[in-house]
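These notes are about the structure you will find just below.
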Amino acid sequence: MSSTALALEALARGEVIGFPTDTVYGIGAAINSREGVEALFEIKGRSEEKPIPVLVASLSDARGVGMVDAGVAPHWPGALTVVVRRMPSVPSWVGDPDAGTVAIRIPDHPVALDLLQRSGPLAVTSANRSGEPSALDDTTARASLGDAVAVYVPGTSPGGSASTVVDLTGQTPVILRPGPVVWET
C-alpha cells in the first residue's frame with residue numbers, strides 16, 4: 001500500500017499525518033476530526049490561542065471552508081495564506097471560533113496537492129515542536145516527532161520563507177506576516 005493510501009486511512013481514523021508542502025514539511029489532521037486537530041496542538045506544544053491554518057487543493061475547496069474572494073486566485077497555489085470568515089459548516093475547533101475566522105492556503109507542492117485532492121481540507125502546521133526549527137523532510141520530522149505522527153509521507157520541502165499571511169476580514173486587507181507573495185493593499 002502506498003504511503004498516501006496509508007495516510008488517508010490514518011486521517012479517516014482521526015490521526016495526524018506528515019507530508020511535504022511548498023514551504024516546510026507539515027503535519028496535518030482532517031478538519032472534521034476534533035481529536036486529530038487537538039492532537040496537532042498537543043504534538044506541537046502549541047497554544048490553542050494560535051489557530052492552525054487549513055490547507056486545501058482548490059479554490060472551490062477553499063470556498064467550502066471560508067468566504068474566499070476570487071482576488072486570491074492569482075496567488076494560488078502558492079505561499080499566500082488568507083484569513084477569512086469561516087463558513088457556518090466548519091467545525092468550531094477549526095480556526096478562531098471567537099472571531100469566526102479561518103486561515104486558508106493552497107500549497108504549490110505535487111505531493112501535498114495530490115493528498116489534499118483525496119483527503120479534503122486538512123488543518124496543517126509545521127512538523128516541529130513550537131520554538132524548534134521546522135523540518136524540511138520526512139526523515140527530520142520523524143526524528144523530531146516520532147510515533148506521535150501516524151504516517152509520514154516521504155518527500156522534501158524546499159524551505160525558505162513562511163507564507164505571506166493577509167487578513168481579508170475587514171474592509172481593507174491587513175498583512176499579518178510578510179512573505180514571498182507581495183500583496184498590494
Side-chain angles (χ1 to χ4, degrees), residues 7 10-11 13-56 62 65-68 79-107 112 115-116 119-138 140-152 157 159-170 173-181 183:
L11 289 167
R13 291 189 301 267
E15 296 174 327
V16 173
I17 64 158
F19 61 98
T21 76
D22 55 338
T23 54
V24 296
Y25 194 88
I27 54 172
I31 64 170
N32 61 356
S33 170
R34 182 181 204 130
E35 297 80 17
V37 174
E38 288 174 352
L40 286 174
F41 285 98
E42 185 177 323
I43 290 167
K44 290 259 320 166
R46 183 177 179 137
S47 164
E48 290 188 21
E49 286 80 47
K50 189 174 179 187
I52 293 176
V54 173
L55 295 189
V56 296
V65 176
M67 297 176 190
V68 178
L80 173 68
T81 301
V82 295
V83 177
V84 296
R85 298 276 170 222
R86 288 176 354 155
M87 295 304 288
S89 60
V90 173
S92 63
W93 55 83
V94 176
D96 184 336
D98 295 332
T101 60
V102 64
I104 306 172
R105 185 167 85 81
I106 301 175
L115 178 69
L116 290 162
S119 68
L122 298 177
V124 178
T125 186
S126 58
N128 61 297
R129 302 211 189 276
S130 289
E132 293 180 1
S134 298
L136 296 181
D137 59 41
D138 55 299
T140 307
R142 185 185 311 275
S144 175
L145 303 176
D147 292 338
V149 175
V151 176
Y152 292 89
S157 301
S161 298
S163 65
T164 301
V165 180
V166 181
D167 184 338
L168 299 178
T169 61
V174 176
I175 298 170
L176 301 176
R177 181 177 68 199
V181 172
W183 187 270

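The figures here come from the full heavy-atom set of this structure, side chains too, leaving out hydrogens, waters and symmetry mates.
To the nearest 0.5 Å, the span separating CG on L115 from CG on L122 amounts to 6.0 Å. Note that CD1 of I52 and CG of D96 are 12.5 Å apart. Values are rounded to the nearest 0.5 Å. S144 contributes atom OG, which lies 5.0 Å from atom CD of E132 (distance to the nearest 0.5 angstrom). Atoms CD and CH2, on E35 and W93 in that order, are 7.5 Å from each other to the nearest 0.5 Å. One finds the CG atom of L145 at 12.0 Å from the CG atom of D138 (value rounded to the nearest 0.5 Å).
Annotation: side chain to side chain contact (heavy atoms under 4.5 Å, CB included) contacts of T164 (sequence neighbours excluded): L80, V166, P180, V181. Considering only residues two or more places apart in sequence or on other chains, R34 meets the salt bridge (Lys or Arg N to Asp or Glu O under 4.0 Å) condition with E38. With sequence neighbours left out, the side chain to side chain contact (heavy atoms under 4.5 Å, CB included) criterion links R142 to Y152. Scanning for side chain to side chain donor-acceptor pair (under 3.5 Å) contacts around N128 gives K44, S126, with sequence neighbours left out. Contacts of E42 classified as side chain to side chain donor-acceptor pair (under 3.5 Å), with partners at least two apart in sequence or in another chain: none. A search for side chain to side chain contact (heavy atoms under 4.5 Å, CB included) contacts involving P121 returns I31, V54, V56, V65, not counting sequence neighbours. For P133, there are no side chain to side chain contact (heavy atoms under 4.5 Å, CB included) partners two or more places apart in sequence or in a different chain. Here S130 pairs with nothing under the side chain to side chain donor-acceptor pair (under 3.5 Å) rule; sequence neighbours left out. The side chain to side chain donor-acceptor pair (under 3.5 Å) test applied to D137 returns T140, not counting sequence neighbours.
The two residues A30 and V37 make their nearest non-hydrogen contact at O-CG2, 3.7 Å. Between G36 and S33, the shortest heavy-atom contact is N-OG, 2.9 Å. Closest approach of A135 and A127 over heavy atoms only: CB-O, 3.4 Å. For the pair L55 and P107, the tightest heavy-atom approach, listed with the atom from each and the gap, is CD1-CG, 4.1 Å. In plain terms, the two heavy atoms of L11 and A29 that are nearest each other are CD2-CA, 3.8 Å.
R46 contributes no side-chain N or O that, together with a main-chain N or O of L40, makes up a donor-acceptor pair within less than 3.5 Å.
You'll find the side chain of V174 stays beyond 4.5 Å of the side chain of W183, heavy atoms only. Counting heavy atoms from C-beta outward, V68 and I104 have side chains that approach closer than 4.5 Å.
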N/O donor-acceptor pairs under 3.5 Å from side chains in residues 83-90, not counting sequence neighbours:
residue, atom, partner, partner atom, Å
R85, NH1, A99, O, 2.9
R86, NH1, P91, O, 3.1
R86, NH1, V94, O, 2.6

Side-chain donor-acceptor distances from residues 15-28 under 3.5 Å, at least two apart:
residue, atom, partner, partner atom, Å
E15, OE1, R13, NE, 3.1
E15, OE1, R13, NH2, 2.8
T21, OG1, T23, N, 3.2
T21, OG1, T23, OG1, 3.3
T21, OG1, V24, N, 3.3
T21, OG1, V24, O, 2.6
D22, OD1, R105, NH1, 2.8
D22, OD1, R105, NH2, 3.0
D22, OD2, R105, NH1, 3.1
D22, OD2, D108, N, 2.9
T23, OG1, R105, NH2, 3.4
Y25, OH, G18, O, 3.1
Y25, OH, F19, N, 3.3
Y25, OH, V153, N, 3.2
Y25, OH, V153, O, 2.7

(request) May I have the step-by-step check of side chain to side chain donor-acceptor pair (under 3.5 Å) for T169 and T101, ending in yes or no? (result) CA-CA 8 Å; T169 61; T101 60; over 6 Å; no
